[in-house]
Amino acid sequence: MNLEDRLKARQGDITKLAVDAIVNPANTSLLGGGGVDGAIHRAAGPELLAECRTIGGCPTGEARLTKGYRLPVRYVIHTVGPIFRGRPEDSRLLAGCYTNSLTLAMDHGIRTIAFPAISCGVYGYPIADACKIAVDTCETFMETYDAPEKVIFMLFSAPDLDIYTRYLASRWG
Ligand code: AR6
């Protein structure tokens, strides 16, 4: 399968997606919050929080793996996006979220993985910039390691989906 068919953008609720793993845009405590993080914990049940407590947090840009519990996924990969401040390190940290999540996925034999727009809610990252980082980083990883089989970018709103769809289309010409 060529890369064009392996990187897809879709609209909807990431907690409903039956893939091998979904990515949770968490905070450094890994103890839950609002946005996608809150929705994932509600759908997964209290066992997820119990496992997260054993991890002891996660630095910005890194990623940690748990089971999916009541979610229709085997794993949840928790990553912490940067709070957008317009600093040069913001993009490096955001790219790190994608690379480190994909590395964990590869190490656990995950073939299909879905990302929300990390940092683009409460953390304020401009979606068009974040979209380029997400797509470029995943593309480079997949070219380098030929894994995972499929990456889905799960966007909540139609305007966000449009930004991803246009950018993906521009990549393939
Ligand atoms: N499925 C897919 N995307 C969603 C969903 C959903 N169910 N719900 C919201 N979005 P955010 P962040 C979109 O704020 O910016 C938490 O409190 C949303 O529209 O969840 O990384 C954590 O604990 C936005 O585009 O994540 C942290 O403290 C994107 O997902 C903090 O928020 C991300 O929004 C992390 O902030």
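Owing to the predicted nature of the structure, the values given are computational and were not obtained by experimental measurement. Counting begins at 1 with the first residue of the sequence. Every number for a ligand or one of its atoms is a count from 1 in the order of the listing.
- A 4.5 Å side-chain heavy-atom check between F115 and Y98 finds at least one atom pair inside the cut-off.
- Looking at every heavy atom in both residues, I113 comes nearest to S101 through CD1-O, 4.4 Å.
- Distances between N or O atoms of G34 and those of ligand 1 include at least one value under 3.5 Å.
- Below 3.5 Å of separation, one finds an N or O of V122 facing an N or O of ligand 1.
- Heavy-atom distances between S119 and ligand 1 reach below 4.0 Å in at least one pair.
- Taking only non-hydrogen atoms, the option from T79, I83, D160 nearest to atom 25 (O) of ligand 1 is D160.
- Scanning D37, V80, I127 for the heavy atom closest to atom 22 (C) of ligand 1 points to D37.
- Comparing F153, Y123, F84 against atom 31 (C) of ligand 1, the shortest heavy-atom distance belongs to Y123.
- Taking distance alone, with nitrogen or oxygen atoms compared against 3.5 Å, G121 approaches ligand 1 more closely than that limit.
- The shortest N or O to N or O distance between V36 and ligand 1 is below 3.5 Å.
- Residue-to-ligand polar distances place I14 within reach of ligand 1: an N/O pair is separated by less than 3.5 Å.
- Note that atom 18 (C) of ligand 1 has no protein non-hydrogen atoms nearby, at separations under 4.0 angstrom.
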Item checked: Audit row: E51, K67, salt bridge (Lys or Arg N to Asp or Glu O under 4.0 Å) steps and yes/no -> CA-CA 8 Å; E51 185 175 352; K67 289 186 273 185; 5.2 Å; no
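- Heavy-atom distances between G12 and ligand 1 reach below 4.0 Å in at least one pair.
- Residue contact check for ligand 1: T15 places no non-hydrogen atom closer than 4.0 Å to it.
- At least one side-chain heavy atom of L168 sits less than 4.5 Å from a side-chain heavy atom of L7.
- The distance from ligand 1 to the heavy atoms of G33 drops below 4.0 Å at these ligand atoms: 17 (O), 23 (O).
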